[in-house]
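Given the structure is predicted, the values throughout are model-derived calculations rather than measurements. Start at 1 and go down the list; that is how both ligands and their atoms are numbered.
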Amino acid sequence: MQRIAQVLINIATKSINKPFSYSIPEHLDYVDTGWRVLVGFGNRKLEGFVVGVTEEENSGIPELKPILDILDNDIWFDEHMMHTARWISEYYLCNLVDAMRLFIPGKSGVKSTTAYSVEQDVNMSQTLEDLSTKSAEYCHVLKYIEDHSPVLSSKLEKQFGAGALKIVRYLMRKKVIIAESIVKKTGTHRYKSVIRLAVSNERAKLLIDNLGKRPAQCRLLGYLLENKQIFSDELNKSNSSYDTVKKLVQDGIIKVDKVQVIRDSYAELCEIKNDILLTEEQKQVLGKIIPKMQDKEFTSFLLHGITGSGKTQVYIEAVTVARQNNRQAIVLVPEIALTSQIVSRFKARFGDDVVVMHSKLSTGERYDAWQRLRRKQAGIVIGARSAIFAPLVDIGIIIMDEEHEFTYKQEETPRYHTRQVALTRARLAGAVVVMGSATPAVETYYQALQGQHTMLVMSKRIANALLPTVAVVDMRDELRKKRRSVISLPLQELLAETINRGEQAIILLNRRGYATFVMCRECGHIVRCKHCDISLVYHSVGKKLRCHYCQSVEEVPDICPECRSRYIRFFGTGTQKLQEELGTLFPHVRVVRMDQDTTGGRKAYDRILDAFAKGEYDILLGTQMVAKGHDVKSVTAVGIIAADSILNLPDFRAAERVYALLTQAAGRAGRGDKPGKVVVQTYNPEHYAVQAGARHDYQSFYEAEIVYRKALCYPPYGQILKLTLQADEEGKARSLADKVIHELRTLLEETQKAEVIGPFPAPIAKMNDIFRMNIIIKANNLMDVKLHIAAMGLTIRPDIIIDVEPVSIM
Ligand code: ADP
Ligand code: ZN
Ligand code: ZN
């Protein structure tokens, strides 16, 4: 009998989506479904995922390539992971290998490079003669390969320039040289050298006394006596050099061992908080969650709790119970950089039991972190959406904080939504899911009302702090009163009052659709990116125009490129401009700005927030990120500029986003014992999202919104699928879209099961010089639609992007 493995090759080529058969060699006979292996593919060696194993009679099967090696010491994809990956690939119409790749640290478990050597039976002198018709470079390259084989392609390029690859290809065609691929496993264990005594303590002490003339050796021995060991990369701690180590090793006094190290770049300590007495609401909520967890009964909860009601504390208590039962927990946050408060609270309670996933982790660090979870050396993972794929073996609870946030949807293939994956994994594991938000997604709330999730409500702020009062300022009114400042009079007054009392304020500029662009006042021309069809944004740092999509940079024109007029000017309000305006209005006030330009990463964000929390500034000014879940007690005022600019976007979730933004931003005010005040500046004061936001009234927002969703058959009443068709010319994109939509209409609309809308140019019709057309499909249930799309072969086309349940139809 011969065991045969079906192996998916881990490469990102959409059309290679079927498993290939490889024989399992005897010495690897334990390899089974779920293993990561190394296989030959063409002339490369690549990572593969075993997705099935069959047994065949030895006779009658064609000669198969064998599996070359294994990548881990154990199976990687357990049954639940395999099941979830299959589900993702079916639900989101992506290749199974793309779904499986989500579950590994990094994009591939191997790094392969090509090396060249001369074929064995080549007649060298004959070949060199043949090459005389070519340039001399051909002979040089060949001789070099002969002398140095095997030669890495990078080495050749370094030696002979990029032209070397053309020569190599020629020599390969002539069968003079062969290529082989050399692989290195990535994301595996890392080892460190550790130095320890090779003799007894007594003997070491004696040696120190006798080594008086060699102070360096004494120092190292003394250090080892005291600390038992030292890592070779930390020798400076003992003030010694590697030479000293070498000498002592030669004399057999110390030894160097290799040990596996677990990398943890987040190993910082945090302040420990005393135990907290839970509020009645918190106890009630936990009373619903904990029994389900004890019974290992899959249940999903929507925890609808206003800002500052103590949701995070509920998460911590629930996770504590899971850990007491020796089960593991996944804690999902929208963006790890903006949520260091939740991370530090978990670290403070659980210490090293918490593994923090963030985008700055190297593949190796990620691998280590995941290994700790797999071996149950750690019990809790906190991270953004990718943490849902961590290889926990026994999930008891999955927390999803701010479940309405858009960052939970991945915007590249596979375009999964974290909520759906979480529900799938939890169902398999018999775990509970707790989705928390002050402003739940309309779909989630609807599902909870329908009984799909258990609704939990927390309607009081901790210590009975009051929600802030909200004043809505109609900016059209301001203009009528000839007040042209971007900061309305009521907001100016609120700021003055707040600062006079020695309290702090936050100003949020909703920059979407409101950035600073350059426009000609004569002809209306707007300076746009040449590659992306969006307006360029002015950055006063460096005084340049920049494209926020492709990052290309351009000079600011002095005259209009269209009409040569000199009246070309900046419009809109960026955070930088707002900061200048605040400086003019309040010359002595200390303002700190927080946006993508000032926060390079987690550290910068923390630093600004820290300084603000310590009272080093009076006003914190910034984009959406100032509205995220931080907790600064002396903030009593919040101003929201252009709260409603999102409403101008043609998107069915625009109102939901405005409501969420208002609530989150307002939620920053009045978290201590002083009441908070909020000013909302808008051009749509009568809009229900603005009105309900001002009253902190989710219910009435939801009731207005759901009517509109139902009328237009938007989620939760219908499901949406978005196709984006791409081509390097506008005409090609258009005709591709026409062809696809015609076929879709014939298939779908006859049965009246779905509505096909479009094609229309994508909101950014050109991106990086690629033209994009959109098609939207609406249906009560997308199941049939997906079957048709797969049957049409659209899923494997590299020029078509399929987005199942997109967060926006733009
Ligand atoms: P949310 O996540 O709902 O915004 P938090 O959990 O951050 O609310 O709670 C708001 C504040 O109240 C935090 O500073 C938190 O430490 C504190 N807090 C939470 N629960 C309690 C409690 N039972 N007793 C005292 N303080 C609490
Ligand atoms: Zn002009
Ligand atoms: Zn661009």
Side-chain angles (χ1 to χ4, degrees), residues 270-290 301-321 329 331-336 338-350 354 380 382 397-405 434-440 444-445 455-468 504 506 606 609-610 612-614 625-636 638 659-676 678 693 696 698:
C270 313
E271 102 259 33
I272 305 278
K273 216 172 198 168
N274 289 334
D275 269 338
I276 281 177
L277 228 53
L278 295 178
T279 64
E280 268 319 303
E281 279 190 334
Q282 285 172 328
K283 278 189 214 154
Q284 261 181 22
V285 161
L286 284 162
K288 294 258 173 57
I289 299 171
I290 290 167
F301 295 95
L302 171 59
L303 174 54
H304 182 207
I306 61 171
T307 55
S309 59
K311 295 187 290 296
T312 310
Q313 201 57 43
V314 169
Y315 306 151
I316 291 176
E317 303 297 332
V319 169
T320 306
V321 174
V331 180
L332 299 162
V333 294
E335 238 174 302
I336 200 79
L338 303 184
T339 40
S340 44
Q341 289 203 349
I342 195 171
V343 172
S344 31
R345 279 167 73 182
F346 269 85
K347 276 267 179 186
R349 169 66 82 92
F350 301 102
V354 181
I380 303 164
I382 301 188
I397 185 168
I398 301 175
I399 309 262
M400 196 171 162
D401 189 32
E402 310 288 3
E403 66 86 33
H404 63 280
E405 286 279 356
V434 179
M435 303 176 275
S437 177
T439 56
T444 317
Y445 198 78
M455 181 95 77
L456 306 169
V457 180
M458 300 211 298
S459 56
K460 296 194 194 76
R461 280 192 149 184
I462 294 294
N464 291 320
L466 293 175
L467 280 169
Q504 291 175 296
I506 292 180
D606 284 352
L609 207 56
D610 252 20
F612 181 65
K614 282 195 197 116
M625 60 177 85
V626 302
K628 298 291 152 65
H630 52 77
D631 193 17
V632 179
K633 298 272 193 290
S634 56
V635 172
T636 56
V638 169
Y659 183 84
L661 184 67
L662 288 184
T663 308
Q664 298 297 337
R668 299 310 114 210
R671 292 174 78 91
D673 41 18
K674 300 186 200 87
V678 178
H696 311 288
Y698 182 84

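The line from CD1 of I397 to CD1 of I289 is 6.0 Å long, rounded to the nearest 0.5 Å.
Checked against a 6.0 Å centroid threshold, the rings of Y315 and F346 do not count as neighbours.
For T279, heavy-atom contacts with ligand 1 shorter than 4.0 Å involve the backbone as well as the side chain. Under 4.0 angstrom from ligand 1, the non-hydrogen atoms of I462 all belong to its side chain. Contacts with ligand 1 closer than 4.0 Å are made by backbone heavy atoms (N, CA, C, O) of L277 only, the side chain lying farther away.
The heavy atom nearest to atom 3 (O) of ligand 1, considering only Q313, Q282, E280, K311, is found in K311. When the heavy atoms of E281, R345, K283 are ranked by distance to atom 15 (C) of ligand 1, first place goes to R345.
Those atoms of ligand 1 that come under 4.0 Å of a heavy atom in G310, given as number and element, are 1 (P), 3 (O), 5 (P), 6 (O), 8 (O), 9 (O).
Looking at G308 next to ligand 1, an N or O pair under 3.5 Å apart turns up. Ligand 1 has an N or O atom lying under 3.5 Å from an N or O atom of S309, backbone or side chain.
Side-chain atoms of M455 and K288, non-hydrogen and from C-beta on, never get closer than 4.5 Å to each other. K460 has its side chain out of reach of S309: every pair of non-hydrogen atoms, C-beta onward, lies at least 4.5 Å apart.
Applying the side chain to side chain donor-acceptor pair (under 3.5 Å) rule to T279 yields the partners Q282; only residues at least two apart in sequence or on another chain are considered. Every residue two or more places apart in sequence or in another chain that forms a side chain to side chain donor-acceptor pair (under 3.5 Å) with T636 is listed here: E503.
Using a 4.0 Å cut-off between charged nitrogen and carboxylate oxygen, E317 and R349 count as a salt-bridge pair.
Taking a 4.0 Å cut-off on heavy atoms, G305 fails to register as neighbouring ligand 1.
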